[in-house]
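Scroll down for the structure; my scribbles are underneath it.
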Protein chains: 2
Amino acid sequence: MRKQPRQQRSRQLVDSLIEATGRALVEHGLDHTTTVRIAEIAGVSVGSLYQYFEGKEALVEALMDKLAGDIAQGLRRLPLADSAGLRETVDGAIRFGFAVLHSRDGLYLELVRNWHRLPTNRVADVLQQHFMELSRLYFIKHYRDYPIEDLQVRVFIVANSVLFTMVRHASQNDALLREDDIAAGLTDMVVGYMTH
Amino acid sequence: MRKQPRQQRSRQLVDSLIEATGRALVEHGLDHTTTVRIAEIAGVSVGSLYQYFEGKEALVEALMDKLAGDIAQGLRRLPLADSAGLRETVDGAIRFGFAVLHSRDGLYLELVRNWHRLPTNRVADVLQQHFMELSRLYFIKHYRDYPIEDLQVRVFIVANSVLFTMVRHASQNDALLREDDIAAGLTDMVVGYMTH
DNA sequence: CTCTAATGCGAATATGTATTCGCATTCAAT
DNA sequence: ATTGAATGCGAATACATATTCGCATTAGAG
């Protein structure tokens, strides 16, 4: 951030800009999200925008930081693998994932689609680390001598498979494949892969 | 295409423009690939470019049509599931996939990353249909009464899981996860899911 | 060889977007 | 109430990119 907001009004201005960034992403997509548009949506002058942000990228980064917090919080509410069975846990996580992708008018969808040109690492780390920890705990409990290096590979594969299959499905309005079936299939695949 | 090339020189010009589009994508990425740059790389005037193409999008589409042909040809050379075992077939397909992603200086990588804003359907159909046919044949042979609707879900999940996990891995230079391990893991996951 | 349609050119024009800067307004400490 | 710092503004400027059009050149049919 270019300059720290000191007064109340400027802090609110910064918030409204971040909020507006989200709406611009949903309405116009990352490509056509411009600083001018964001300022317009926020009801703020472009000049003011540049007082606090370097540009579009900085705004998106600030937005993603905020969202990463929401995701982390949502993850903490999910059932853990040691209380429920593995299948229930995976199923819950996948349903949570779909719910997130459909929330906020598709904001998350747009962000994940554009992972390769966004500062995705922070968010990805949240997910990656959470699932890593989750599986680590589970496997330490059930298969005490499980090789840990292999676990990293598995978590990488599972996380990306699930995430992008969900995004691909949510991005196309293909009524031929019902979301419930995709969710069930993903659960089958993941549980099978993680336990054999 | 805006106008049909009738003479020899113009046909060659069109080819060189498509070729240049590929190089521009590799060198500058989709975002910074412009009509002017493509014309420059091709050693052609922008004016000539617009004689035959509506703009960037049309050029990329022409390029992808060409590449779809290459992919289809490559797929036909892969071992089929009825001659070899399922595991060998899946393993071969995944290795083929990685090879493609690494070929042409990462052109395919850039294209798949940007699937959501490209006319991907033609290429996706090639893949989808090929694997659909492949699995259909395999399962008709081995499990005569297999439900076909479910197969569509499975192929969708497997195709996207494999493709995007590969792309994600190839996009980051994370030496922690070796490509061979990812390939082996994907094979395990897919074979397990398709046979249980 | 001749001649016309096809081709190729690139400066010029139009548009979209990023970013700044001088001035007006407001806050909050005194 | 006064005043300096903070804030907000948006026209103006700079730059990137898309697209056209009149003119020069060339291919290749006859």
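- At whole-Å resolution of the value, CZ in A:R11 and C1' in D:dT7 are 13 Å apart.
- Listed in residue order, the members of residues 17-32 of chain B having a heavy atom less than 4.0 Å from DNA chain D come to none.
- Around CD of A:E133, the count of heavy atoms belonging to other residues, nucleotides or ligands within 6.0 Å exceeds 12.
- Judged by distance alone, with hydrogens and angles left aside, B:S45 brings no side-chain donor or acceptor close enough to the base of C:dG8 to form a pair under 3.5 Å.
- Between the A:T120 side chain and the A:W115 main chain, a donor and an acceptor come within less than 3.5 Å of each other.
- Here A:E19 pairs with nothing under the side chain to side chain donor-acceptor pair (under 3.5 Å) rule; sequence neighbours left out.
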So which protein nitrogen or oxygen atoms get under 3.5 Å of nucleotides 18-24 of chain C's nitrogens or oxygens?
unit_1 : atom_1 : unit_2 : atom_2 : d
C:dA18 : OP2    : A:T35  : N      : 3.1
C:dA18 : OP2    : A:T35  : OG1    : 3.1
C:dT19 : OP2    : A:Y50  : OH     : 3.1
C:dT20 : OP2    : A:R2   : NH1    : 3.1

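- The separation between B:I38 atom CD1 and C:dG8 atom P is 17 Å, rounded to whole Å.
- Dense packing is recorded around CZ of A:R11, with more than 12 heavy atoms of other residues, nucleotides or ligands lying under 6.0 Å away.
- Taking atom CD on A:Q12 and atom C1' on C:dT26, their separation rounds to 15 Å, with Å as the unit.
- The CG atom of A:L78 sits 8.5 Å away from the CG atom of A:L134 when rounded to the nearest 0.5 Å.
- Within a 6.0 Å radius of CD in B:Q12, other residues, nucleotides and ligands contribute 12 heavy atoms or fewer.
- No engagement by A:F53 is indicated, since no non-hydrogen atom pair under 4.0 Å with the nucleic acid exists.
- Between the CG atom of A:L49 and the P atom of D:dA11 there is a distance of 16 Å, rounded to whole Å.
- For the pair B:K3 NZ and C:dC9 P, the computed distance is 13 Å after rounding to whole Å.
- Between A:I140 and A:R136 there is a side-chain heavy-atom pair separated by less than 4.5 Å.
- Following rounding to the nearest Å, A:E57 (CD) and C:dT17 (C1') show an atom-to-atom distance of 16 Å.
- By the side chain to side chain contact (heavy atoms under 4.5 Å, CB included) test, A:L177 is found to be paired with A:H169, A:I182, B:Q152, B:V153, B:F156, residues two or more places apart in sequence or in another chain being considered.
- Residues B:S161 and B:T165 come closest through the heavy atom pair O-OG1, 2.7 Å.
- If you take CD of A:Q4 and P of D:dA6, they are 13 Å apart, rounded to a whole angstrom.
- Heavy-atom neighbours of A:E57 CD from other residues, nucleotides or ligands within 6.0 Å: at or below the threshold of 12.
- With sequence neighbours excluded, the residues forming a side chain to side chain donor-acceptor pair (under 3.5 Å) with B:E110 are B:R113, B:N114, listed by chain and number.
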Just the table, please: protein N/O against nucleotides 28-30 of chain D N/O, every pair under 3.5 Å.
unit_1 : atom_1 : unit_2 : atom_2 : d
D:dG28 : OP1    : B:Q8   : N      : 3.4

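- For B:E40 and D:dA18, the CD to C1' distance is 14 Å, given to the nearest whole Å.
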